[in-house]
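In what follows, a structure is listed as structure tokens, so that the remarks can point back to it.
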Amino acid sequence: MSQEIDQTKNRILKISILRFDPHDPEDFPHMETFEVEEAPGMTLFIVLNEIREHHDNSLKFDFVCRAGICGSCSMLVNGKPTLACRTLTKILDTNITLAPLPLFELIGDLSIYTGKWMRGLNERLETWIHDKSNELHVDKLEERMEPALADEIYELDRCVECGCCVAGCGTIQMRENFVGAVGLNKVARYHLDPRDKRSDEEFYEMIGNEDGVFGCMTLLGCEDVCPKDLPLQSKIAYMRRMMLKTSLKN
Amino acid sequence: MKVIYTDVLIIGGGLAGLRVATGVKERDHDAVVLTLVPPKRSHSSAAQGGMQASLANSNMGEGDNEDVHFSDTIKGSDWGADQVVARMFTHCAPKAIRELAHWGVPWSRVQRGDRTAIINAKKVTITEKDEAHGLITARDFGGTKKWRTCYTSDGTGHSMLYAMDNKAHEDKVEIHERLEAVSLIHENGRCYGAIARNLMSGELVAYIAKATTVATGGYGRIYSVSTNAIICQGIGQALALETGVATLGNMEAIQFHPTAIVPVGILTTEGCRGDGGLLLDKDGYRFMPDYEPEKKELASRDVVSRRMTEHMRKGKGVKSRYGDHLWLDITILGREHIEKNLREVKEICENFLGIDPAVDWIPVRPTQHYSMGGIRTTYKGESQTLKGLYSCGEAACWDMHGFNRLGGNSVSETVVAGMLVAEYISDYLESAESHISIHTANVEKFLKVEQDKIDALLVKEDGEDAYVLRRRMEEIMMDDVGIFRNGADLQKAVDELKELHQRAKNIEVFRSKSRAANPALVNAYRTQKMIKVALTVALGALLRTESRGAHSREDYPERDDANWLKRSITSWPNESDDMPIMSYEEISIGEMEMPPGFRGYGKDLTLHNDQTPIRQSAVDAITKELESQGKDRFEIQNAVMPFMDKLPKKYRGINERLGENV
């Protein structure tokens, strides 16, 4: 297997972490470096837990599934937003810099409040099926859907709300209410879903503006950093065409 | 003291908790969800392969219905399940999945015409009916007679949880994020809510509620290697246990999943084998047919995990620096299939192993995966002993899984139990019994107890290191309370855990003294709780001198229906005691629809109960009599073991299927 590395040659990793406890009035943002001996198959999840357990038990970070599924552990690894749990140390240099994702509220060290931001986004874009006329009958056969369409919706449904695209977005640096690729992808997902009966005009109301699809400067940092490889570029372009069409129609 | 009042307090924001929240909201009750993490990051999101519901849409699911799902579930449980609950569950699973489809889950659908599938290492052509086109499809999973596991690629839990959380947004469910329940408020056998700690500010808050629901998932993290998310630490079970009043059921019933990757223990779904993947040994030899000629790789999870362990013990495992493992081969499925239906598996293999599963074999071994045990409840999801306390999902012992859960039945349970328990809670809230009066001075006492505990942890000197105790507990559970168990090891485990429990009273939080966000403090108080939960598991396993489902005793290999057809009940009435107390709840054969039988794996080692043949004859006689009168399957079932009256009225309807009741 690829993780068979001779144990005698384990590298010493120097992990520099941007630390700050906003609850401590005496604290200020500073870098702190820890040395950890690399082990085969080591991920940043293992590294950070080792630092917490053996070097500094006050170190704050967020992991939940530790399998690249839940999106909790996004952070800047050597300046690039990514999921820490599935980042193997062997692909990195021995000097590793970790910092919290920018733009989100800081809880402490590498721990950020993405939940609050994403909840606000979901409420704003009403990311649920809108269909007041269609009453649910749980005993009846489910409504049919073309298999290919279901697959296509799932493709966009794979977003894990990790916030990497937000951290990698140039537009949001200048326009703080910009919905980001995560938001536009969600709108594309519901726009595609025939169960959601919102009209193009209603979607236009939501994102047919500079905080929505017309704000994007097409720098596409989002697509570069998305850990789920979502087709953000093509979906933003698609939504822009759809919204343009809607605006011309009206 | 900050006090928040609500009708229903829900601890845990996964599928079960959110489904309860939306359900009680629909009945116009107020609900607050406390959650450690944003709900969409709950462990429900990690469920990959699918949700069982007997829709019978796909060709390989034809003929499926509630009866077949029920029978599979009871066999899977090794007759440990509550059959009435299992009936309620199988009846409502199709409703729950249709509800989720309505809320936006993009379930994979049936494509009419021919398609190629891999069955028993051979390519076969399956022809899907025209009339099934566009309905929800299903894949094969272990221990099931029909292909019944509905899915969205291998991100089923993710899609379900996202739809559920979005529904909760729509319903304006109040979610209090990064709030951890640290104790339940109770008095005179009645639960009044919980004391919770804000994980960001450290503030303690009292939540007062007429009904409190624990939906915190399982306790896998008491083991050193588990597929579970790191937040699945058994804290919900500990909260119930620490009341001294609520009880836990079947805590020793722990499932090991056959295929977690080595060494990190991340799951690769049963869908890998359901879709045709094979288990191979160090020689590349497919060994499962030798052990289980009929079901092979798709025997029940407990069986496959034991067979793999046996095979490795024969020296057939692949040696690695992390111990022995076996291979999971899905190359046979082809790249196209893997990239469409096993995407998460592919990503996991790439990211954590650096391999391409369309070309390389995956190193796997059985790993702790699921907690069948949990807070013991009635069929309504209410604690049998603490009024006003409810529990559902993996946190609970409801008990539809008995001693082994079928793959695909867990996410299914979360949404089914959630929708039912929401109705029972709502009924309760609409009755006079639900009214509460608790003096705020008493609430303050509960808050003060927790404040004092936290203070003690922070000011203690020369105390114990919580990490050291926790790691030791995890090792004990792994080494001595694992897949195969024996009296000597279990006794050792219980003795040492007892000692760890004493030492845990003396934990000191070193250096990190913040009262606000402080992971060291969190680890300290959770470790104290986890050790208690571990003790209930080890003690339950030691005392259960038989093998049933996932509980496998080398010194007692028989399933002993004569003496052990009962549920283990654990409580901890006196906080100062160094051990929990065990008692047992009989599982009555006389009321079973499906009296105990042989599961069909290996040799039949069952020690039968005298009541079994008597009940079997009674069931057979009723069935024969009603069949001769031309009664349908529903009428016969109802005569053998009625359950419909227990369901909320809105969920009693007969499920439509293609060719049945449409």
Pick one of side chain, backbone, both or neither for B:Leu55, based on which atoms fall under 4.5 Å of a heavy atom in chain A. side chain
Test: A:Arg52 cationic atom under 6.0 Å from A:Phe61 six-membered ring centre, within 45° of axis: yes
What part of A:Glu126 is in contact with chain B, defined as an atom under 4.5 angstrom from a non-hydrogen atom: side chain, backbone, both or neither? neither
Report which part of A:Thr87 has an atom under 4.5 Å of a heavy atom belonging to chain B: side chain, backbone, both, or neither. neither
Contacting region of A:Lys228 [heavy-atom separation from chain B under 4.5 Å]: both
Which region of B:Arg470, side chain (C-beta onward) or backbone (N, CA, C, O), has a non-hydrogen atom less than 4.5 Å from a non-hydrogen atom of chain A, or is it both or neither? neither
Identify which part of A:Asp24 has an atom lying under 4.5 Å from any heavy atom of chain B, answering side chain, backbone, both or neither. neither
Report which part of A:Cys73 has an atom under 4.5 Å of a heavy atom belonging to chain B: side chain, backbone, both, or neither. neither
Please state whether the side chain, the backbone, both or neither of B:Glu344 comes within less than 4.5 Å of a heavy atom of chain A. side chain
Residues in residues 185-192 of chain A near chain B [non-hydrogen atoms, under 4.5 Å]: A:Lys186, A:Arg189, A:Tyr190
For atom CD of B:Glu660, is the number of surrounding heavy atoms from other residues, nucleotides or ligands below 6.0 Å larger than 12? yes
Interface check, chain B: of A:Arg158, A:Glu143, A:Glu146, most non-hydrogen pairs under 4.5 Å belong to A:Arg158
Is there any ring-ring contact (aromatic ring centres under 6.0 Å, His included) pair reaching into residues 35-55 of chain A, and which pairs are they, with sequence neighbours excluded? A:Phe45-A:Phe63
If one checks every heavy atom of B:Arg515 against chain A at 4.5 Å, the contacting part turns out to be neither
CD (A:Glu123) with more than 12 external heavy atoms under 6.0 Å: yes
Counting only non-hydrogen atoms closer than 4.5 Å, does A:Ile91 touch chain B with its backbone (N, CA, C, O), its side chain (CB onward), both, or neither? neither
Report which part of B:His102 has an atom under 4.5 Å of a heavy atom belonging to chain A: side chain, backbone, both, or neither. both
Engaged part of A:Thr43 at the chain B interface, taking heavy atoms whose separation is under 4.5 Å: side chain
Tell me whether A:Glu202 at atom CD has more than 12 heavy atoms from other residues, nucleotides or ligands lying less than 6.0 Å away. yes
Pairs of heavy atoms under 4.5 Å with chain B: top-ranked of A:Lys116, A:Arg66, A:Met145: A:Arg66
Could you tell me whether A:Lys140 atom NZ has more than 12 heavy atoms of other residues or ligands within 6.0 Å of it? no
Of the backbone (N, CA, C, O) and the side chain (C-beta and beyond), which part of A:Asp151 lies under 4.5 Å from a heavy atom of chain B, both, or neither? side chain
I need the residue from A:Ile153, A:Asp131, A:Leu88, A:Ile107 with the largest number of non-hydrogen atom pairs under 4.5 Å to chain B. A:Ile107
Is it the side chain or the backbone of B:Lys513 that comes within 4.5 Å of chain A heavy atoms, both, or neither? neither
Taking every non-hydrogen pair under 4.5 Å, which of A:Leu83, A:Ile129, A:Ile46 racks up the most with chain B? A:Ile129
Residue B:Ser45 versus chain A: region with a heavy atom under 4.5 Å: both
Which answer fits B:Arg112, side chain, backbone, both or neither, if we ask what part of it has an atom under 4.5 Å from a heavy atom of chain A? neither
Relative to chain B, which of A:Leu149, A:Ile69, A:Leu136, A:Asp193 shows the most heavy atom pairs under 4.5 Å? A:Leu136
Quick check with a 6.0 Å cut-off and a 45 degree axis cone: is B:Lys95 positioned over the face of B:Tyr651's six-membered ring? no
What part of B:Val318 gets within 4.5 angstrom of chain A, counting heavy atoms only: side chain, backbone, both, or neither? neither
Given that the side chain runs from C-beta out, which part of A:Asp62 has a heavy atom under 4.5 Å from chain B: side chain, backbone, both or neither? side chain
Indicate the ring-plane relationship of B:His325 and B:Trp327, choosing parallel, tilted or perpendicular according to the 30° and 60° boundaries. perpendicular
Measure distances from B:Thr137 to the heavy atoms of chain A and classify the residue's part below 4.5 Å as side chain, backbone, both or neither. neither
Atom group of A:Glu135 that falls short of 4.5 Å from chain B, counting heavy atoms: backbone
Applying a strict 4.5 Å limit to non-hydrogen atoms, the region of B:Ser226 in contact with chain A is backbone
Given heavy-atom pairs under 4.5 angstrom as the criterion, report whether the side chain, backbone, both or neither of A:Arg195 touches chain B. side chain
Where on A:Pro227 is there a heavy atom nearer than 4.5 Å to chain B: the side chain, the backbone, both, or neither? backbone
Chain A contact via B:Val468 - which portion, at a heavy-atom distance below 4.5 Å: neither
